[in-house]
Amino acid sequence: MNLSVDQHECLIKLREFLNESGLDLNHPAEIARSENSSKVSLAAVLGYAGTGKTELLRCLVEILEKSDVNSVNVDYESKLKEGTRCYAVLAPTNKAVAVLNALGVKSTTLHRVLYSPLYDPNYEKISQWLQGISTRPSLPEFNDQKLESIKTFFSNHPSIPGALASVGIRTSDFIIGWKRREHPLDIGIIDESSMLTQTQLDDLKKVFKVLILFGDPGQLSPVEQSGRMVFHKLPQENKFYLKKIHRQSCDNPIIYLANILRRPALTYNDFEKYIKELSQVDNRVLVSSRVCPDLMCRSPVLVWRNQTRIRLISAFRRAFNISENILVPGEPLICDGVELPARHRKKKIDLEERGLIKGAQVIYLGTGKKVGFCKLHVVGSNVANVSVASIVQMERAGRRQPDILSAAGMGVVFVHGAATTIHKAQGSQWSEIQVFSPDIEASAKSGLIESDIPLWKRLAYVAITRAQEKLIWVTNYRIANAKGNLEKLETMARNTIKVGEVTD
């Protein structure tokens, strides 16, 4: 792999860091495992968009493999032999894991390595009551009206996740904690570490002897971190910076705009002026006065405010003349998680392998053969068409609880995918993306600051770098007329199938 000067220097520093941490890459098997050591070695590789963080991560993994440091098998792990060295590449979200796996880096989520869920006993009480096994529970969190609504929904649709979702509650809301992994591991390589919470980092320290964080300091931090990212606290000598923009990124207008946002004196108006000027000379940047509903079928509009997301979804459905209480083949959905109990972990892994992970984009193709099942085209998956038990939620402006358009007993939870928030889009990328600039402007007017950087700059940075090829900057609260129709989009989805369809 041809590395830039700063990548090469960073790799040398990583080798020195690993050697100082007790892992000699030249003789890994000769170093005894220090099980009783409480000290955790921690370093971070930091760089903005286009500086080659992922390429460096891939190079580091290749070096570890050649030095007989093996990737740990998370799902079918056996006890490690004395002297064996192992590493794991992790990311905070399933979507970020999918991006790494697509690049040939074997990875998994933090939670699959670290935790098993522990559920609140009240979940079991509600479940048994709905199924007629026990009497109606008395719970302070659920008044009579809410319990009656849950019961009414369940009597018409025997789906516990669906019944809870009908009053705005998810099964995962009952998770009260996680059981931590018992056996320690050696090296943890964490991608998208700007999304890490301090609690997650503390738990990682209890499992790994060495942690290497890869992160972008320009992205958005977790909400509970008050604008600070976990690598900010590291001593300066343990932060390795990538600054040079790679040759293949130098002429990329999206990377150019991302780097402009790093200028301290830049205002929102200045930035929008740069976008408009760039759109006149480069067709990879487009300024539009309206949202394009046809493109919303392939990639969501990125927004800051949740109310904007819901309104754009409603506008999308009106553009295609879709009735309120039905789903039409061709509509985009986004996976919001897999609602399966712990005993079905193998089934959950199977669904994830088919691409049904949190944040995954799918196209609705119709109802399945079984009640509560949906036929879906999973965008970017090797198993393109699946039929799966689904809970589909449709949020509407002015309503507290979502409508449930599909309710299986258990399965995959979906929300509409025509628009999504910039926070949830972090870790994902699309070929073309529409950014709803009135929301970015609203954040600029709010004056909010996150870790000494105006929030609007972080939002704009994350939003525009979700585009791989083309950025569309939408300037007004308008939506264009639909040029195509959802039936044709459904046909296009079917024609892109490469692997046989999975039946109910």
Side-chain angles (χ1 to χ4, degrees), residues 1-4 6-45 52-92 96-114 180-193 201 203-215 234 237-240 242 349 353:
M1 186 180 297
N2 294 323
L3 300 178
S4 62
D6 62 343
Q7 280 181 314
H8 184 67
E9 291 176 350
C10 187
L11 196 57
I12 291 174
K13 291 178 181 178
L14 285 173
R15 279 180 172 274
E16 293 173 350
F17 166 73
L18 289 171
N19 288 338
E20 292 171 1
S21 302
L23 179 67
D24 185 347
L25 291 179
N26 296 320
H27 306 284
E30 296 180 8
I31 308 298
R33 184 187 293 271
S34 54
E35 299 285 1
N36 298 324
S37 174
S38 59
K39 183 181 178 181
V40 178
S41 300
L42 185 60
V45 177
K53 296 185 299 297
T54 304
E55 288 300 313
L56 189 65
L57 188 155
R58 290 170 63 182
C59 191
L60 176 61
V61 167
E62 185 178 323
I63 290 172
L64 292 174
E65 290 284 351
K66 289 181 178 179
S67 301
D68 295 326
V69 184
N70 302 312
S71 174
V72 64
N73 190 325
V74 176
D75 298 319
Y76 305 99
E77 182 187 354
S78 57
K79 188 175 181 180
L80 296 171
K81 296 180 181 179
E82 185 67 29
T84 301
R85 284 292 178 269
C86 62
Y87 74 90
V89 180
L90 312 176
V97 167
V99 172
L100 284 172
N101 289 336
L103 295 172
V105 178
K106 185 179 179 182
S107 57
T108 189
T109 60
L110 302 178
H111 277 217
R112 191 179 293 184
V113 168
L114 297 179
R180 194 179 295 111
R181 180 188 185 86
E182 297 177 357
H183 303 294
L185 298 172
D186 290 311
I187 303 173
I189 303 171
I190 318 299
D191 195 27
E192 297 286 356
S193 63
L201 181 63
D203 287 337
L204 286 166
K205 287 180 178 179
K206 293 172 183 176
V207 173
F208 291 97
K209 303 298 181 185
V210 178
L211 286 169
I212 301 175
L213 311 180
F214 282 76
L234 289 180
E237 61 268 20
N238 285 30
K239 297 178 186 177
F240 310 141
L242 296 173
I349 292 170
E353 288 176 349

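Note that the numbering runs from 1 along the sequence shown for the chain.
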Under 3.5 Å: donor-acceptor pair, side chain of N101, backbone of S107:
yes
Mind checking the CG-SG spacing from L57 to C59? Nearest 0.5 Å is all I need.
10.0 Å
Working to the nearest 0.5 Å, report the span between CG of L103 and OG1 of T54.
6.5 Å
Please check this pair: side chain of N70 against backbone of C86, looking for a donor-acceptor N/O pair closer than 3.5 Å.
no
Is the shortest side-chain heavy-atom distance between L110 and D203 below 4.5 Å?
no
Looking only at heavy atoms, what is the nearest atom pair of I189 and F214, with distance?
CG2-CE1, 3.7 Å
Return the set of residues passing side chain to side chain donor-acceptor pair (under 3.5 Å) with E65 (not counting sequence neighbours), or none when no residue passes.
Y87
Distance-minimising heavy-atom pair for Q7 and G52:
NE2-O, 3.0 Å
S41: which residues meet the side chain to side chain donor-acceptor pair (under 3.5 Å) condition with it, sequence neighbours left out?
S21
Could you grab the distance from atom CG of L211 to atom CG of L201, nearest 0.5 Å is fine?
6.5 Å
Please list, chain by chain and in numerical order, all residues satisfying side-chain contact (heavy atoms from CB on, under 4.5 Å) with L234, sequence neighbours excluded.
L42, A44, F231, K239
Just how far is it from atom CD1 of I190 to atom CD1 of I212, taken to the nearest 0.5 Å?
9.5 Å
State which residues pass side chain to side chain donor-acceptor pair (under 3.5 Å) with N19; sequence neighbours excluded, sorted by chain then number.
none
Value for CG (L213) from CG (L204), rounded to nearest 0.5 Å, stands at 8.0 Å
For K53 and G215, which heavy atoms make the closest approach, and how far apart are they?
CD-O, 3.3 Å
Give me the atom names and distance for the closest heavy-atom approach of L242 to C10.
CD2-CB, 4.0 Å
Shortest non-hydrogen pair, L60 vs L18, comes out as CD1-CD1, 4.4 Å
I63 side chain near L14 side chain, heavy-atom distance below 4.5 Å
no
Any chance you could lay out the side-chain contact (heavy atoms from CB on, under 4.5 Å) test for L90 and T108, step after step, and finish with the verdict?
CA-CA 5 Å; L90 312 176; T108 189; 3.6 Å; yes
List the atom of K106, the atom of V89, and the distance in Å for their closest heavy-atom pair.
O-CB, 3.6 Å
Not counting sequence neighbours, which residues clear side-chain contact (heavy atoms from CB on, under 4.5 Å) with K13? List them please.
F240
